[in-house]
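Quick note: numbers below take in every heavy atom, side chains included, and nothing from hydrogens, waters or symmetry partners.
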Amino acid sequence: MKANPFLIVFITATDAEEATLISKVLLNQRKAACVSIIPRANSQYWWQGKVEESTESLLIVKTRQSLLASLIEVVREVHSYENPEVLAMPVVGGSPEYLDWLDKELSAQTDIPE
């Protein structure tokens, strides 16, 4: 199986409103072809020496590897967290039609107002 240039990126946000804002900016700038938002994820994590717990929204972003650095920059600009979670994982396969669609959408040069 040949490697492909696509990534799945996980981003957590404070709530559905912030997740929607991040999603819209990424989509409008064509940094993502699709963003799925899962509201009310229960997150437990180490922060500043102690275990914290919060309810967050999880974004699942479908993008291209070559867009990752600029995607991270956009998230840092829009996100309210001091250290936003942005974790990228390679896509090792998928339906050819879906991967073709990703390629087409991430290659489009459409100016959409934010």
Is the number of heavy atoms from other residues, nucleotides or ligands within 6.0 Å of CD (Glu53) greater than 12?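 Correct, the count exceeds 12.
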Could you check if a side-chain atom of [X] sits within less than 4.5 angstrom of a side-chain atom of [Y], using non-hydrogen atoms only?
{"X": "Phe10", "Y": "Ile60", "result": "yes"}
{"X": "Ile11", "Y": "Val35", "result": "no"}
{"X": "Ile22", "Y": "Ile37", "result": "no"}

For Glu85, enumerate each residue passing the side chain to side chain donor-acceptor pair (under 3.5 Å) test, keeping only those at least two apart in sequence or located in another chain.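 Applying side chain to side chain donor-acceptor pair (under 3.5 Å) to Glu85 gives Thr12.
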For the atom pair [atom1] ([X]) and [atom2] ([Y]), what is the distance rounded to the nearest 0.5 Å?
{"X": "Lys62", "Y": "Ile8", "atom1": "NZ", "atom2": "CD1", "answer": "6.0 Å"}
{"X": "Arg40", "Y": "Asp15", "atom1": "CZ", "atom2": "CG", "answer": "10.5 Å"}
{"X": "Trp47", "Y": "Glu82", "atom1": "CH2", "atom2": "CD", "answer": "4.5 Å"}
{"X": "Leu26", "Y": "Ser70", "atom1": "CG", "atom2": "OG", "answer": "9.0 Å"}
{"X": "Arg64", "Y": "Leu106", "atom1": "CZ", "atom2": "CG", "answer": "5.0 Å"}

Please check this pair: side chain of Glu56 against backbone of Ser43, looking for a donor-acceptor N/O pair closer than 3.5 Å.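 Side chain of Glu56 to backbone of Ser43: no pair is present.
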Determine yes or no for a side-chain-to-main-chain donor-acceptor pair under 3.5 angstrom, with Ser23 supplying the side chain and Ala19 the backbone.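 Side chain of Ser23 to backbone of Ala19: no pair is present.
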Using salt bridge (charged side-chain N to carboxylate O under 4.0 Å, His left out) as the criterion, list what pairs up with Glu52, not counting sequence neighbours.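 Counting only residues at least two positions away or on another chain, Glu52 forms a salt bridge (charged side-chain N to carboxylate O under 4.0 Å, His left out) with Lys50.
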In the single-linkage hydrophobic clustering (I, L, V, M, F, W, Y; side-chain heavy atoms under 4.5 Å), do Val91 and Met89 co-cluster?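 Yes, it is one cluster - the side chains of Val91 and Met89 are joined through contacts under 4.5 Å.
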With ring-ring contact (aromatic ring centres under 6.0 Å, His included) as the rule and sequence neighbours excluded, what pairs involving residues 51-103 come up?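 Only His79-Tyr81, Tyr98-Trp101 qualify under ring-ring contact (aromatic ring centres under 6.0 Å, His included).
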